[in-house]
Amino acid sequence: MIVELESVSSADEIAQGEGITWGLAESPFGWCSLGWTSRGISHLAFHDSPDGEPEALRKRWPLAIFRRNDVAARTEILKILRDSGIHRVVVAGTPFQIQVWKHLIRIPKGSVSSYLDLAAAIGKPRAVRAVGSACGANPVAWVIPCHRAVRVDRKLGGYRWGLDRKAAMLESESE
DNA sequence: AGGACAACGGTCT
DNA sequence: AGACCGTTGTCCT
């Protein structure tokens, strides 16, 4: 799977114009909400249940117009699961976060990279902890594979969406 | 092997 | 200015 990452300076810039299309879909790792525009996916978060509207979307784009399309979300999730094709992603973040996310998409499926490796790759070998924070701020889980970032001793470290989920994702990729 | 702890850099209030 | 962290290295038991 190829991920093309486009970065913009503010979240508003993403929602501006056509608004955000979003949908809920079931994945092997639980329910997730997907948000996108014609420029690419800009949101992927996990949920314990399909009930209720994902608050994260409204929080990220307080003024945006939303259009719901669960069928398209499901189709996209299947494509991601199939690990095929090119996925365009458009995200807003600080320059540092963008750097981290761009490095994350280069970690091949089936392998992992340590927070220390990522920090060194960016040229800031002491910013390991900040790299962890940047991973946690990843707005497009799974597609931007922050679950492939682990501790230097190969222990899992943390995961915003639960360590069980991180373990399950890595397990499914190691085969 | 595992716990306590200081130091680190980026981000938010 | 201070507090929070998906960390790491070191110094213990």
Side-chain angles (χ1 to χ4, degrees), chain A residues 1 3-16 20 24-25 27-35 40-49 54-64 77 80-81 83 87 89-175:
Chain A
M1 172 166 73
V3 178
E4 284 181 0
L5 188 152
E6 177 194 1
S7 60
V8 295
S9 48
S10 80
D12 290 336
E13 191 178 335
I14 297 172
Q16 205 171 28
I20 304 278
L24 282 172
S27 84
F29 312 106
W31 287 94
C32 53
S33 60
L34 201 63
I41 304 171
S42 47
H43 169 97
L44 201 166
F46 288 99
H47 305 272
D48 291 334
S49 81
E55 263 179 53
L57 283 156
R58 291 252 172 233
K59 190 169 264 182
R60 195 171 294 168
W61 296 285
L63 304 176
I77 287 298
I80 293 167
L81 189 62
D83 195 41
H87 295 266
V89 156
V90 49
V91 290
T94 66
F96 179 81
Q97 288 170 335
I98 300 295
Q99 278 193 96
V100 172
W101 301 339
K102 282 191 172 174
H103 278 275
L104 286 174
I105 65 179
R106 303 223 296 247
I107 307 174
K109 182 182 182 182
S111 77
V112 294
S113 181
S114 73
Y115 301 103
L116 181 62
D117 288 341
L118 289 162
I122 289 168
K124 302 186 176 182
R126 245 148 272 142
V128 277
R129 205 161 183 189
V131 165
S133 297
C135 290
N138 168 25
V140 189
W142 196 5
V143 178
I144 298 176
C146 61
H147 58 281
R148 295 184 193 143
V150 298
R151 283 178 173 253
V152 74
D153 59 7
R154 304 280 126 157
K155 292 191 171 184
L156 282 194
Y159 192 58
R160 178 169 168 198
W161 310 108
L163 280 180
D164 290 346
R165 190 171 268 123
K166 184 174 187 174
M169 294 177 116
L170 290 175
E171 170 68 22
S172 82
E173 294 184 352
S174 67
E175 290 160 13

Mind calculating the distance between [atom1] ([X]) and [atom2] ([N]) to the nearest angstrom?
| X | N | atom1 | atom2 | result |
| --- | --- | --- | --- | --- |
| A:R60 | B:dC12 | CZ | P | 12 Å |
| A:R151 | B:dA1 | CZ | P | 15 Å |
| A:W101 | C:dG6 | CH2 | P | 14 Å |
| A:H147 | C:dG6 | NE2 | C1' | 14 Å |
| A:I107 | C:dG6 | CD1 | C1' | 13 Å |
| A:N138 | B:dG10 | CG | P | 19 Å |

- [ ] Pull out every residue in residues 115-133 of chain A that has a heavy atom closer than 4.0 Å to any atom of DNA chain C, ordered by number, or say none.
- [x] A:Y115, A:L116, A:V128, A:R129, A:G132, A:S133

Open item on the list: For the backbone of A:A149 and the side chain of A:K166, can you confirm whether one donor and one acceptor N or O come within less than 3.5 Å of each other?
Closed with: yes

Open item on the list: I'd like to know if the side chain of A:W61 and the backbone of A:A11 have a donor-acceptor N/O pair within less than 3.5 Å.
Closed with: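 It does hold such a pair.
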
Task: Check against side chain to side chain contact (heavy atoms under 4.5 Å, CB included), A:R58 and A:E55 - done: CA-CA 5 Å; A:R58 291 252 172 233; A:E55 263 179 53; 5.8 Å; no

- [ ] Would you check if A:I80 and A:L44 make a side-chain contact, meaning some heavy-atom pair closer than 4.5 Å?
- [x]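 Heavy-atom side-chain distance check passes, below 4.5 Å.
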
TODO: Using a 4.5 Å cut-off on heavy atoms from C-beta on, say whether the side chain of A:M169 contacts that of A:R148.
DONE: no

- [ ] Could you tell me which nucleotide pairs with C:dG6 by Watson-Crick or G-U wobble geometry, both distances under 3.5 Å, or answer none if nothing does?
- [x] none

Task: Separation of A:S33 OG from A:L57 CG (nearest 0.5 Å) - done: 5.0 Å

Task: A:C135/A:L104 under side chain to side chain contact (heavy atoms under 4.5 Å, CB included): CA gap, chis, key distance, verdict - done: CA-CA 8 Å; A:C135 290; A:L104 286 174; 4.2 Å; yes

Open item on the list: What verdict does the side chain to side chain contact (heavy atoms under 4.5 Å, CB included) test give for A:L170 and A:L156, after you've listed the backbone C-alpha separation in whole Å, the side-chain angles of each residue and the deciding distance to 0.1 Å?
Closed with: CA-CA 10 Å; A:L170 290 175; A:L156 282 194; 3.7 Å; yes

Task: Parallel, tilted or perpendicular: rings of A:F46 and A:W142 (30°, 60°) - done: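 A:W142 and A:F46: tilted rings.
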
Open item on the list: Checking contacts here: which listed nucleotide (C:dG6, B:dG10, C:dG9) is nearest the side-chain heavy atoms of A:F96?
Closed with: B:dG10

Can you check nucleotides 11-13 of chain C for protein contacts, nitrogen or oxygen pairs under 3.5 Å, and list what you find?
none

